[in-house]
Amino acid sequence: MKIYPYRVDGDAVTINFPERDEDLVEFEKFLARGNRTIGLDTETTGLHIYGGQFACRLVQFGDEREAWVLRADQFADKIRDVLARPNLKFVAHNAPFDLLVLDRTDLCPLDVLGPRVYDTYVLAHLLDPRTANDGGPGLKLKELATVYVDNDAADTQEGLNAIFLDLFRKWSKTASTEEIEAVKRAAPKRPHIAWGFTNIAIDHPLYVTYAGLDVIYAARLLRELSILIRKGERQSELAKFEHRVQLLTTAQQKRGLLIDVPYTEGLVVDLRAEAERHVYTAASFGVENVNSTKQVTEALLAMGEEWSATTATGKPAVGKDTLNPMADIDARSWERLGNRDPNPLADAIIRAKRAEKWAVAYAEAFLHGRDDVNRIHPFVKALAARTARMSVSNPPLQQLPSSDWTIRRAIIAEEGQTIVAADYKSMELRVLAALAEVKEMQAAIREGRDLHDFTASLIYGADFTKNHRRLAKGVGLGKVFGGGAAGLSKQIGAPLDQVKYAVNKYDEVYPEVRTYGNRLQRQASYGGGAVVTPIGRRIPLDRDRAYAATNYVVQSTARDLIAQALIRIDDAGMSDHVLLPVHDELICTAPTADAEDVIREIGRLMESTFMGVKIDSDPEVYGPSWGHGYGAPDDV
DNA sequence: ACGATCACG
DNA sequence: ACGTACGTGATCGTG
């Protein structure tokens, strides 16, 4: 057995790396030593759990003083045995990843291990949801360990990266050009890291040491975070709730979504061809790279175009807010506006960029990310944003184009199944009506009226026009975000005086919205700079953006309502139908014959009455693909 | 690493 | 006193 010493917060700790079966006798003694939660982590060949070459290399266990780093190939039986013991509880940082690794590699099924694993990420997010970038303590293991455990905590990830770079350089000298190209093709951004995780010697002393340190940090983090969490009465309940929600989204990630491969391959060809045509046009105007803001700016100025919009750093903005009007294209419908002669360069650039993005970020990502049965398994983070909103990545399925069915058409139901979905109707406005006790809004909801129609009628009278409704909708949503007249005017694209009028009227008819926002800001200023949501979640406010208070509470509460719905659906035994949450809707699958019944029932489970306000849902049968909910024809 | 851009609710 | 649009993830160019 190899034993590596290290220091954590001034304490001597040991990292044990067993080499023979006899070495496991000591490991058993470690496990038997008292009733404590054991740190758990895995080292793998990469992040693509469902890819063909994926393997789990190490599984680590540890407490606050010692770690056991086990080779997954050599000690698979032991690992299986330990993970299956029902009396053992574990703690991991970002548990969903390790749970899925252990599930995928047949070391322990998700449903067997999941309920016994605490996640320090979840606890840390409840204490402070801000990333280091966002002014918080951060949510990564190294950042948290530095704050809560040891000011000199090792950056194990950076340490490994340095080793990988060194090893990769040495390997590159002996490897063939083809081998090197293959690695770079698979991981163009940081090839040495992808290569390192697969190829570093499994008994490399620093690899083993860092692997062991991570579980020691996790075990120590659990102790510290638990103490802090227990100080807030509601927080312990919240922690339980969030672990349950996270387990459900982890199951969604395991389930994945089926890709229509022939369709998607055709889509890539079409999008690539479209992009190429417009890139060619742009090149004829001297823009060699349509993604270069520098080139685009220079070419447009040379053509005599003038515009005033700038980026945060003061440079001329050449996003679609600038280019769409130049190309005389409506941003929503992509039809001619008829305001001016379209600038052919602006037109080519927006079309080229759109087609390229759709090809690369969506269609090709679907094809590259799929497993051997053509399913993709996006990461579903149940507790992501500062407001606790969920996020989906690899690929970003919450951000697929909705104005056009072509991308969503690539996600299909299994044979005999149909895609169904249920969304909440104007969820955030209803939550606002409830939280701020907005009388007129609550009355309109009770009467089943369209909220934007209603706001328009209050501002403009019963004879409001379509444009009035558009303004009322923009103002209604913008007010929740804390927007003022100028910002709203820009966003809605309506003249400032009209927006000012609407905003003033809005404040008159819904006075409770303003007083609620002021109350939240007062409470935050005396409550450590954070607002507290109805379920007891603390959300820190930035000093200079106190106006965000209302939005934080509204957005967070809306998220908690859909999270609660996931639990109710699970309690009803219907979790297997849920494919993906998209903020205020659930994308689901159901046997074609019962599709309508299933989604009606899921919709019913989603509904609730929150502070006396009905939060109801709109169940819908889409069809054989997700795109069928967005107008995809049956014969594509 | 960071800014700009663009996709969503 | 005034006014502030909220939250994400991915890609690309630039330095």
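What you see below is based on every heavy atom in this structure, not just the backbone, and it leaves out hydrogens, waters and symmetry mates.
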Does A/Glu356 get its side chain close enough to the base of C/dT11, under 3.5 Å, for a donor-acceptor pair? no

For A/Ala317, answer base if it contacts any base atom (sugar-phosphate contacts may also be present), sugar-phosphate if it contacts only those atoms, and nothing otherwise; contact means non-hydrogen atoms under 4.0 Å. sugar-phosphate

Describe the nucleic acid contact of A/Ala558 in one word from base, sugar-phosphate, nothing, applying a heavy-atom distance below 4.0 Å. nothing

Decide, applying a 5.5 Å centre-distance limit and a 30° plane-angle limit (both strict), whether A/Tyr547 stacks on C/dT4. no

Do A/Glu158 and A/Asn161 get their side chains close enough for a donor-acceptor pair, meaning under 3.5 Å? yes

Of the nucleotides B/dT5, C/dC6, C/dC12, which has the atom closest to the A/Thr311 side chain? B/dT5

C/dT14 phosphate, OP1 or OP2, under 4.0 Å from A/Ser292 side-chain N/O: yes

Under 4.0 Å, counting only non-hydrogen atoms across every strand here, what does A/Ala546 touch: a base, just sugar-phosphate, or nothing? nothing

Hey, can you tell me if A/His125 and A/Tyr121 have their rings parallel, tilted or perpendicular (30° and 60° cut-offs)? tilted

Just checking A/Arg559: base, sugar-phosphate only, or nothing, at a heavy-atom cut-off of under 4.0 Å? nothing

Need one value for A/Arg545: base, sugar-phosphate or nothing, where a base atom within 4.0 Å counts as base even if backbone is also close, heavy atoms only. sugar-phosphate

Name the pairing partner of C/dA1, where a pair is Watson-Crick or G-U wobble with both distances under 3.5 Å, or state none. none

Hey, is the side chain of A/Ser402 poking within less than 4.0 Å of OP1 or OP2 on B/dG9, counting only N and O atoms? yes

Under 3.5 Å, side chain of A/Asp450 to main-chain N/O of A/Asp453, donor-acceptor pair present? yes

Base partner of B/dC2, which must satisfy Watson-Crick or wobble distances under 3.5 Å: C/dG13

Touch check for A/Val318, heavy atoms < 4.0 angstrom, all strands: base, sugar-phosphate only, or nothing? sugar-phosphate

At 4.0 Å (heavy atoms only), tell me whether A/Leu477 reaches a base, stays on the sugar-phosphate, or touches nothing. base

Taking atom P in both C/dA5 and B/dA4, compute the distance separating them and give it to the nearest angstrom. 16 Å

Remember a base hit wins even if backbone is also touched, and classify A/Lys353 as base, sugar-phosphate or nothing at under 4.0 Å, heavy atoms. sugar-phosphate

Check every strand shown and say whether A/Val392 touches a base, only sugar-phosphate, or nothing at a heavy-atom separation below 4.0 Å. sugar-phosphate

To the side chain of A/Asp584, which of C/dG9, C/dG13, B/dG9 is closest? B/dG9

More than 12 non-hydrogen atoms from neighbouring residues, nucleotides or ligands closer than 6.0 Å to CZ on A/Arg514, yes or no? no

Within the structure provided, determine whether A/Leu397 and A/Val380 are in side-chain contact (heavy-atom separation under 4.5 Å). no

Check every strand shown and say whether A/Gly484 touches a base, only sugar-phosphate, or nothing at a heavy-atom separation below 4.0 Å. sugar-phosphate

With heavy atoms under 4.0 Å as the rule, sort A/Thr310 into base, sugar-phosphate or nothing. nothing

Name the residue closer to the 5' end of DNA chain C, choosing between A/Gln295 and A/Lys500 according to the nucleotide with the nearest heavy atom. A/Lys500

Side-chain atoms of A/Gln399 come closest, of C/dT8, B/dG9, C/dT14, to C/dT8

Please determine whether a side-chain nitrogen or oxygen atom of A/Thr313 lies at a distance below 4.0 Å from atom OP1 or OP2 of B/dG3. no

How is A/Lys320 classified with respect to the nucleic acid when contacts are heavy atoms under 4.0 Å: base, sugar-phosphate, or nothing? sugar-phosphate

Looking at C/dC6, C/dA5, B/dC8, which one has an atom nearest to any side-chain atom of A/Tyr552? C/dC6

Given C/dA10, is OP1 or OP2 found less than 4.0 Å from the side-chain N or O atoms of A/Asn394? yes

Give the C-alpha distance, both sets of side-chain angles, the deciding distance and a yes or no for salt bridge (Lys or Arg N to Asp or Glu O under 4.0 Å) between A/Lys614 and A/Glu607. CA-CA 8 Å; A/Lys614 197 82 210 302; A/Glu607 288 180 3; 3.4 Å; yes

